[in-house]
Amino acid sequence: MADSTPEQVTLTIDSQTVTVPAGTNLIEAARTVGIEIPHFCYHPRLTIAGNCRMCLVDIEKMPKNQIACSTRAAAGMIVRTRSDKAMKARQGVMEFLLINHPLDCPICDQAGECVLQEFSYHYGTGGSRFEGQKVHHDKNVDLGPHIVFDGERCIKCTRCIRFCEEVTHTHELGLFSRGDHTIIGTFPGRQLDNAYSGCTADICPVGALTVKEFRFKQRVWFLRNTPSICAGCARGCNVNLGINEDRIWRITPRDNDAVNQSWICDEGRLSYQTYQQGERLGRALGSAAAGGATREILAGSGYEQAAATLGEIARKHGGATVAGVTSGHASVEEQAALKELIERAGGSRIALPIHERGDDDALLIRKDKTVNAVGARLVGGANCTAEELLTAIKTGKVRALVVLREDFLGELGAQAMAARGALDFLMTLDWRVTPTVKASDVALPLCAYGEMDGSVINFQGRIQLLRPGLTAYEESDPAWKPLLEIASRLGGAAVPKNFREAFRWAASRIPELSHLDTPALGKYGVSLESPAPGRA
Amino acid sequence: MTSQEYRPLLLKNIHRPDSTSLSAYRESGGYKALERAVKEMTPEQVLEEVKASGLRGRGGAGFPTGMKWGFLPKGPGEKYLVLNADESEPGTFKDRLLMERDPHLVLEGFLIGCYAVGCSRGYIYIRGEFVEGWRILLKAVEEARAANLAGKNILGSGFDCEIVIYRGAGAYICGEETALLESLEGKRGMPRLKPPFPAQVGLYGKPTSVNNVETIANVPLIVEMGSTWYAGIGRPKNTGPKLYCVSGHVRKPGVYEFPLGIPLKELIFEHAGGLLRETRPLKAVIPGGSSVPILPAEKCDVLMDFDSLAAAGTMLGSAGVIVLDDSVCMVDALLNLARFYAHESCGQCTPCREGCGWYVQILERLEKGEGRTSDLDLLLDLSDRIQGNTICPLGDAVAMPVRSYVTVFRDEFQYHVDHKKCLAEPAPAPI
């Protein structure tokens, strides 16, 4: 934020007195008192284009209507958003925008969240005097790997162009042709192929740009948005999970100035597909029978068996032979619970596998592909690498291993699988069936992404909440529950009954979090460095 | 001085066969004004002279040139003077004549302008179709450089000024000054939002003044003869010589130079040879290029200057005087104009982009005899919705003539609705 507080100006909008910092545009100034000035091309995170003319307002002492997006609030200004002059211009803009629009809302994916549709109801006349031939443009234009363009629905607001110029700096899109034949397209030889291309569909006010992976899948009014955090990398972008019939159909960005502004990367946007692939682990499984094909489904939770075995190994070989593998994919509560269990069993060795790919980019993407590596470090106890742990197993220093949300053996490869034999006991907690799960003596089912509450801390040190919108699969739980159940059987404290208690339990053991409670984290999380709300 | 005795000042050289050469221009006294300016006057003095002359911009708006230059910040910071040579207004062909027949007059005025505002790199943006004018200007700049009239240390005065010529790609909208700047920067020619105005943020983000070719061609006169002398030409607040482009149904179409304020009828009937056919009376005149409201014959007793035409409800504009006799169907004429604007609308802002095409469709059905009376009101209403609500004046430039033609010649439009044909009787033979 700026060092000095900007000067405040007071003006009048529709008879309401509004005081805003000097320089605020009239759309934002009106918003502060709940007055909507309709607009298509204006987007708070892009430069002002002023082309849609929908935000024309009537300002006293000005002969012409002025566009609110590029007019700055000034002291004493008297603005009328609903005078005859403003309304007539706005109705004109609405009518103009629709004359060449296909009006195909019944088959348009944007219907239900289309600004053109909404403003047409709110500010249009309900009819059109246009009777001629509409200008036709190409439809179903493949712009890139994720985006399809319908030239007839486009209202030429140029948000997508400005996004590619100003946010991604990739410059794929431009305006071509003139007059009512003006059309958006990619420059010759280019594709709309940047890491954030899906955002163009988010900011498209109409159904001109749609995401291939989502289009025609669901009517948006059937979707419930669950505010959550993208788990694709250490940024922890704020997102909405669009859910219907217990399934995520899309992930869209949720504004958070401090984390991801209004954007998410395409990988994060499509990350829900990953969670819908592969075999889920739904029940507690015991050892594989001879041949390894059939798994015994444990009667009950498996907690008793796990606690007994860990206790026995600790007694026989010493507590130090019990080790854990924690994970940046796990929540703070889960990581703290793993540490608790290992310590209850007398162990101290915990590995944190690293998942890095590519490089950090200038916008959002982080090379650390885990959402909560910072959490693992804050929780503490992670004191060795995966490779060091493997060596300890091979040399007999570790005989019992508890693995949390990691395919520990699978990712280390054949030599790790070979080392499996050196373990007396392998327990894995995961949401899907991995090679490590398959090799485990006990495997406990965990909630997958979207099925549970959990706190995660991003690379900036901001603690945020993962929220559930899906039913937990079969008998799956957040890992803190089975881990603390087993720990309690080894003499640990009572098991928290719900997420809030689990968070408080974990937070009380971590000085940086000890002042926090889940309601305080809200929708935007809290920075552990400067505990201010995320939305400035 | 009557206009019969008037001796052209801007067009004095154009009839010389070698009029484009530096030597011919110098023989007739050319570049003396530049020499005087850079050697004997300070930039402020030049600016004051131009202000005192009352020179108003000849591109269409008639804004005082000295005041426009005065908006540029003083001091050493980088700033630009840009010559708008993108003459494209239908009915207008004066700048083209100046550039093709007297390029050094244009250059001299431009260099003096650059001196006055403190610009060391002036840009000439010339319309893409003016290939001939472009070649001539290129050669003229080369000659001027070789003669130390442009480039470093001009005439030993210490004033440096490079001139860069840029050819547009042929878009009417690039005559709008901010679209011109966009195009000059290599971008798609679309008008910018104002504010900021070019005098604050112009070419490459620097303070910029954009001036019309004819405007600039007046500057050597002012410097050479003095502002008092110059202000004696024409009428109060409408001073100086003016080029009038007369076209349409006249015997002698062409560019005519007279002081501002010549009576329109004198221009048509005495100088342009009168109407083309004796049997066809005057119907209307478009006095300032296609974008201005039309004057019906009975309102043509006006003086051709900024203020007189404004008082008559129209504009001097670019002084593109289009004379229409009674063979012209106003529905057809307006359709023709609407098609032009629909083709030239840049497509950036909604009312102009969508409205121009809509006008065309309505006018087409009226022309075909398929229109309705309500279409006439629809045309007027669309003009209300467009005018004043667009980014640049192109929207106004189409909305104004539509409103004017439909209002002034409403009976003719109504006739098309009622009788499915023109009220006007076409001329018997093609002209």
Side-chain angles (χ1 to χ4, degrees), chain A residues 40-41 47-58 62-67 69-72 84-101 116 128-135 154-158 161 165 174-184 187, chain B residues 169-174 187-196 338-365 370-372 374-375 377-379 381-396 398-399:
Chain A
F40 297 105
C41 67
T47 54
I48 305 285
N51 59 39
C52 76
R53 317 307 285 180
M54 190 63 188
C55 68
L56 283 166
V57 292
D58 184 2
M62 294 210 181
K64 293 180 185 178
N65 285 319
Q66 301 291 316
I67 46 174
C69 63
S70 79
T71 305
R72 291 172 178 192
D84 287 348
K85 189 167 126 192
M87 290 302 275
K88 189 171 184 189
R90 199 177 290 157
Q91 280 172 0
V93 170
M94 258 336 294
E95 191 177 23
F96 283 133
L97 281 173
L98 294 180
I99 65 173
N100 286 314
H101 188 83
L116 189 65
S128 174
R129 296 169 292 174
F130 181 78
E131 301 166 34
Q133 185 71 35
K134 287 178 191 281
V135 177
C154 175
I155 60 167
K156 291 91 185 173
C157 72
T158 70
I161 297 178
E165 284 176 1
L175 277 178
F176 300 89
S177 209
R178 273 196 323 223
D180 54 15
H181 286 73
T182 303
I183 186 82
I184 298 227
F187 289 108
Chain B
Y172 174 69
I173 193 60
C174 292
K187 303 176 197 155
R188 177 182 163 95
M190 296 199 301
R192 296 175 180 171
L193 292 181
K194 285 154 280 198
R339 281 186 176 138
F340 171 78
Y341 288 105
H343 184 251
E344 295 294 346
S345 167
C346 81
Q348 184 182 198
C349 73
T350 308
C352 175
R353 178 184 67 233
E354 307 292 340
C356 288
W358 195 356
Y359 276 144
V360 170
Q361 294 208 17
I362 298 166
L363 289 163
E364 275 175 348
R365 67 178 182 247
E370 294 163 7
R372 290 187 302 262
S374 61
D375 285 341
D377 296 320
L378 180 54
L379 286 171
D381 186 70
L382 293 189
S383 288
D384 287 348
R385 313 266 179 171
I386 295 171
Q387 196 175 347
N389 290 330
T390 53
I391 292 177
C392 85
L394 196 146
D396 298 354
V398 59

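Below, read A as the first sequence line, B as the second, and so on, with proteins coming before strands; counting in each chain starts at 1.
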Honestly, the part of Cys356(B) sitting under 4.5 Å from a heavy atom of chain A is neither
Per-residue contact mode, Ser374(B) against chain A (heavy atom under 4.5 angstrom)
neither
Segment of Leu97(A) engaging chain B (4.5 angstrom heavy-atom cut-off)
both
Can you confirm whether Met190(B) sits close enough to Thr182(A) that some side-chain heavy atom of one is under 4.5 Å from a side-chain heavy atom of the other?
no
May I ask you to name which of Lys88(A), His181(A), Arg90(A) has the most heavy-atom pairs under 4.5 Å with chain B?
Lys88(A)
Between Leu175(A) and chain B, which part of the residue has a heavy atom less than 4.5 Å away: side chain, backbone, both or neither?
both
With a 4.5 angstrom heavy-atom cut-off, is it the side chain or the backbone of Ile48(A) that approaches chain B, or both, or neither?
both
Do you know which of Ile173(B), Ile386(B), Asp381(B) has the most heavy-atom pairs with chain A at a distance under 4.5 angstrom?
Asp381(B)
Under 4.5 Å from any heavy atom of chain A, what part of Gln387(B) do you find: side chain, backbone, both or neither?
neither
Heavy-atom proximity to chain B below 4.5 Å, by part of Gln133(A)
both
Please identify, among Glu95(A), Met54(A), Gln66(A), Gln91(A), the residue contributing the most non-hydrogen atom pairs under 4.5 Å to chain B.
Glu95(A)
What option among Ile183(A), Val135(A), Ile99(A) has the most heavy-atom pairs under 4.5 Å with chain B?
Ile99(A)
If you look only at pairs with a residue in residues 351-363 of chain B, which of them pass as a salt bridge (Lys or Arg N to Asp or Glu O under 4.0 Å), with sequence neighbours excluded?
none
Glu165(A) meets the salt bridge (Lys or Arg N to Asp or Glu O under 4.0 Å) criterion, sequence neighbours left out, with none
When you measure from the side chain of Arg53(A) to the backbone N and O of Asn389(B), does any donor-acceptor pair fall under 3.5 Å?
yes
CD on Gln361(B) to CG on Asp180(A), rounded to 0.5 Å:
8.0 Å
Looking only at heavy atoms, which two atoms of Val93(A) and Pro351(B) are closest? And how far apart?
CG2-CG, 4.3 Å
Check whether Ser177(A) gets within reach of chain B through its side chain, its backbone, both or neither, counting any heavy atom under 4.5 Å.
backbone
Heaviest contributor of heavy-atom pairs below 4.5 Å to chain A, chosen from Glu344(B), Arg365(B), Glu364(B), is Glu344(B)
Among the options Glu131(A), Lys156(A), Lys64(A), Arg129(A), pick out the one with the most heavy-atom pairs lying under 4.5 Å from chain B.
Arg129(A)
Only pairs of heavy atoms separated by less than 4.5 Å count here; which of Phe96(A), Phe40(A), Phe130(A) has the most with chain B?
Phe96(A)
Taken to the nearest 0.5 Å, the spacing of Leu193(B) CG from Cys69(A) SG works out to 7.0 Å
Closest heavy-atom contact between Arg178(A) and Ala171(B)?
NH1-CB, 3.3 Å
